[in-house]
Protein chains: 2
Amino acid sequence: MEPPAPRRRVTIVDVARHAQVSTTAVSKVLRNAYGASPEMHAKVRRAIDELGYRPHAGARGLRGQTYTIGVMLPDIRNPFFPEILDGITATLEGTEYQVFLGPGCNGEKAEARVTEAMIDRGMDGIIMIAPVSSRAHLEHVASSVPTVVVGRHGSSPVYDTVADDDIEGASLVVGHLAGLGHRRIAHIEHRETDPTRLAEMPNARRADGYRQAMRAHGLAEWIDVVSTSYTQEGGYQGAKELLDRPHPPTAVFAGADVVAMGVLEAVAEAGLSVPGDVSVAGYDNTTFAALGPISLTSVDQAGYEIGRNAARLLLDRMADRQRPPVRIKLSPALVPRRTTAPPPE
Amino acid sequence: MEPPAPRRRVTIVDVARHAQVSTTAVSKVLRNAYGASPEMHAKVRRAIDELGYRPHAGARGLRGQTYTIGVMLPDIRNPFFPEILDGITATLEGTEYQVFLGPGCNGEKAEARVTEAMIDRGMDGIIMIAPVSSRAHLEHVASSVPTVVVGRHGSSPVYDTVADDDIEGASLVVGHLAGLGHRRIAHIEHRETDPTRLAEMPNARRADGYRQAMRAHGLAEWIDVVSTSYTQEGGYQGAKELLDRPHPPTAVFAGADVVAMGVLEAVAEAGLSVPGDVSVAGYDNTTFAALGPISLTSVDQAGYEIGRNAARLLLDRMADRQRPPVRIKLSPALVPRRTTAPPPE
DNA sequence: CTGGTTTTGGGTAACGTTCCCCACAAGGTG
DNA sequence: CACCTTGTGGGGAACGTTACCCAAAACCAG
């Protein structure tokens, strides 16, 4: 290996010279643009291969596109996101676009930083996954680059959205538990105060869906919601609070799988068994819900489909920025496992 | 919101005009370059704020840097990587660099695609996490942009490396199990045939470490290695094979936590208990190893430290591309939990 | 064969920065 | 007071690509 590595990159000019044509011609071939004959195509492609030329994305961005798509994800740890990413990358596989992930790190400030960085780098499109940012910021981003928002329920005239129907998901869980004979079904939600988020964030919708479904099953009097956070610790605290009640619930619907993990811990600590004494259900059908020793009943969000649709919408919008915004809502499915069973007695 | 959003981006020229100075001056302030007085700084900064100017990274890249660092990660699902990423982002937090993640999707071709894409976009530095690519490709990347390779043991004159001592990790596990009184300690490894990878990949080193440690504890005659893959399925198959032996092992050291999950499943299926009949240990100390119902004994790789060091090395190398390559090796730590105990009788 | 349309190829000016110089002024030295 | 430094500011040419236009050639109908 040559330590200094000072050799200049092959440019479009080198290709043009080598193929004995103009740079314009090469550019046309690269972009499959109108005005290049089949012979021209062949000649240029050969030169490109011979020289090992690769277009410089930064330079392209100065005039045209960068062929780069940014995906903002708020939390790399969330085991639900990889599914979405697979759907996105699979859809973009055949295209010339390259995906890069921007770590949002769960905060409005961090999210703003990555999205701005994406815009600064001239990315052609942005997919934001479950953003916590304000509506205003989402619209700011969307007004400077084609944007698709995933996992937020509010719609906007400037961006497309793809989301799972959380109301329906919550209803599936409540229906499943009620069907097993449970009446005292409690819910642990992620505390939310901001009014927009109360309307748009999935966690808020799940809590709403829980309440609606309880009423629909004639269980309105047993509605019992504890507000903590979507973390293992939050689940642990929430479950402790519930188990301390004079009449503790026989089933707990945790708003997310991590929360359910905390619940399992608290239940075991109280000397109770799952599902013998308490049934537990989660949400997201993450990888560890499927693990043998855990085997958690959960709700599957069809992450792959979400990703596929998001990528599809983004490609469409990049092709036509004026078209009216589209909202796609997908249906979740219940995955019953061994943490739910009929109540005791 | 304005649907067409045709407003032009604020450029350095706008800032220069607004501050009544030259574009060169603005550029100097932006880069903290020599030749700008404190007053100049103040004047320009004010203009930048007033206009809300943000430099266009693509354009910067044409002449200087893009202030972008690419992190290639082969598998977003691996719950060990977020730790490393946290270390990287924390270190880069204060700098002007922005991190973007490129999904490698576990394959030489996919890895080559992302790394090329990073180079095409003029990224200033690349961190490759546990790459499966050939040594030649790693050196190709490193020779065109400052590179740090994480989790590969071979060293090269063109890139820096950060890795955990897998030999030591394996030795910790064997020592722990032998200390509990086990003799029949088996190991499940990831099958590897390529000679370079046999020498460089962490999985191969763990198997080596296992053999060395067994010999060191005078247990050479009990060495028993099954080759499958680092997946849950691989662990399941490997464990089935081990349990079918005339004298099945009393302890299984799985090369990764996911593998251990498969082992737990197979053990339960065989009607045996953990750790009563069989002790199980994993590697990586992933999030689910810590989950209450699983509580898997594992080896912690200090992922955060790995990330911090990788980012630090990259910054140093970007500052001086000629400096001799550095190799950092970190020490893992054993985390005993409830899946390991003394053998039966 | 004429006058038009279509196809094909290229010249050139951007795009938004930074880098390499040069010019000038202010201060220090003999 | 001539002569160097040193500090400060700017002019202009890159960087690699694409968009916009125009010219020449080829085709076609009347």
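Throughout, a chain's letter reflects where its sequence line sits, starting with A, and its residues are numbered from 1.
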>> Is the phosphate of D:dT17 approached by A:Y53 (side-chain N or O, under 4.0 Å from OP1 or OP2)?
In response: yes
>> For C:dG9 and A:S37 - does any side-chain N or O of the residue sit under 4.0 Å from the phosphate oxygens OP1/OP2?
In response: yes
> Strictly by modelled atom types, are A:R121 and B:T68 linked by a side-chain donor-acceptor pair under 3.5 Å?
Replying inline: yes
>> Can you see if the side chain of B:T11 gets near the phosphate of C:dG16 - specifically, an N or O under 4.0 Å from OP1 or OP2?
In response: no
> Is it true that the side chains of B:E139 and B:S156 contain a donor and an acceptor less than 3.5 Å apart?
Replying inline: yes
> Once you round it to whole Å, what is the distance between P of D:dG9 and OH of B:Y34?
Replying inline: 11 Å
>> In this structure, how many angstroms lie between the P atom of D:dG16 and the CZ atom of B:R121, rounded?
In response: 17 Å
> Given side chains that start at C-beta, do those of B:E116 and B:H137 come closer than 4.5 Å, heavy atoms only?
Replying inline: yes
>> Closer than 4.0 angstrom, basic N to acidic O: yes or no for B:R323 and B:D160?
In response: yes
>> If you compare every side-chain N and O of B:R63 against the phosphate oxygens of D:dA14 (OP1, OP2), does one of them come in below 4.0 Å?
In response: no
> In whole angstroms, how far is the P atom of C:dG16 from the CG atom of B:L30?
Replying inline: 15 Å
> Does anything in residues 81-102 of chain B pair up under ring-ring contact (aromatic ring centres under 6.0 Å, His included), and if so which pairs, sequence neighbours excluded?
Replying inline: B:Y67-B:Y97
> Would you say the side-chain atoms of B:S133 and B:E111 include a donor-acceptor pair closer than 3.5 Å?
Replying inline: yes
> Please give, in whole Å, the distance from C:dT17 P to B:E96 CD?
Replying inline: 14 Å
> What integer distance in Å separates B:I119:CD1 from D:dG16:P?
Replying inline: 16 Å
>> What I'd like to find out is whether the side chain of A:T147 reaches to under 4.5 Å of the side chain of A:V158, using heavy atoms alone.
In response: no
> OP1 or OP2 of C:dC15 less than 4.0 angstrom from a side-chain nitrogen or oxygen of B:R9, does that happen here?
Replying inline: no
> Has A:R60 got a side-chain N or O lying under 4.0 Å from the OP1 or OP2 atom of C:dC15?
Replying inline: no
> Of the residues in residues 14-22 of chain A, which ones touch DNA chain D at a heavy-atom distance under 4.0 Å?
Replying inline: none
> Of all the nucleotides listed (C:dG10, D:dA19, C:dT18), which has the minimum atom distance to the side chain of A:M40?
Replying inline: C:dG10
>> Distance check needed: C:dT18 C1' versus B:I12 CD1, whole Å only.
In response: 8 Å
> Within this structure, what is the CG-to-P distance between A:L62 and D:dG16, rounded to whole angstrom?
Replying inline: 12 Å
> Which sits closer to the 5' end of DNA chain D, B:T24 or B:P38, going by the nucleotide each is nearest to?
Replying inline: B:P38
> What is the distance, rounded to the nearest whole Å, between atom NE2 of A:H56 and atom P of C:dG16?
Replying inline: 17 Å
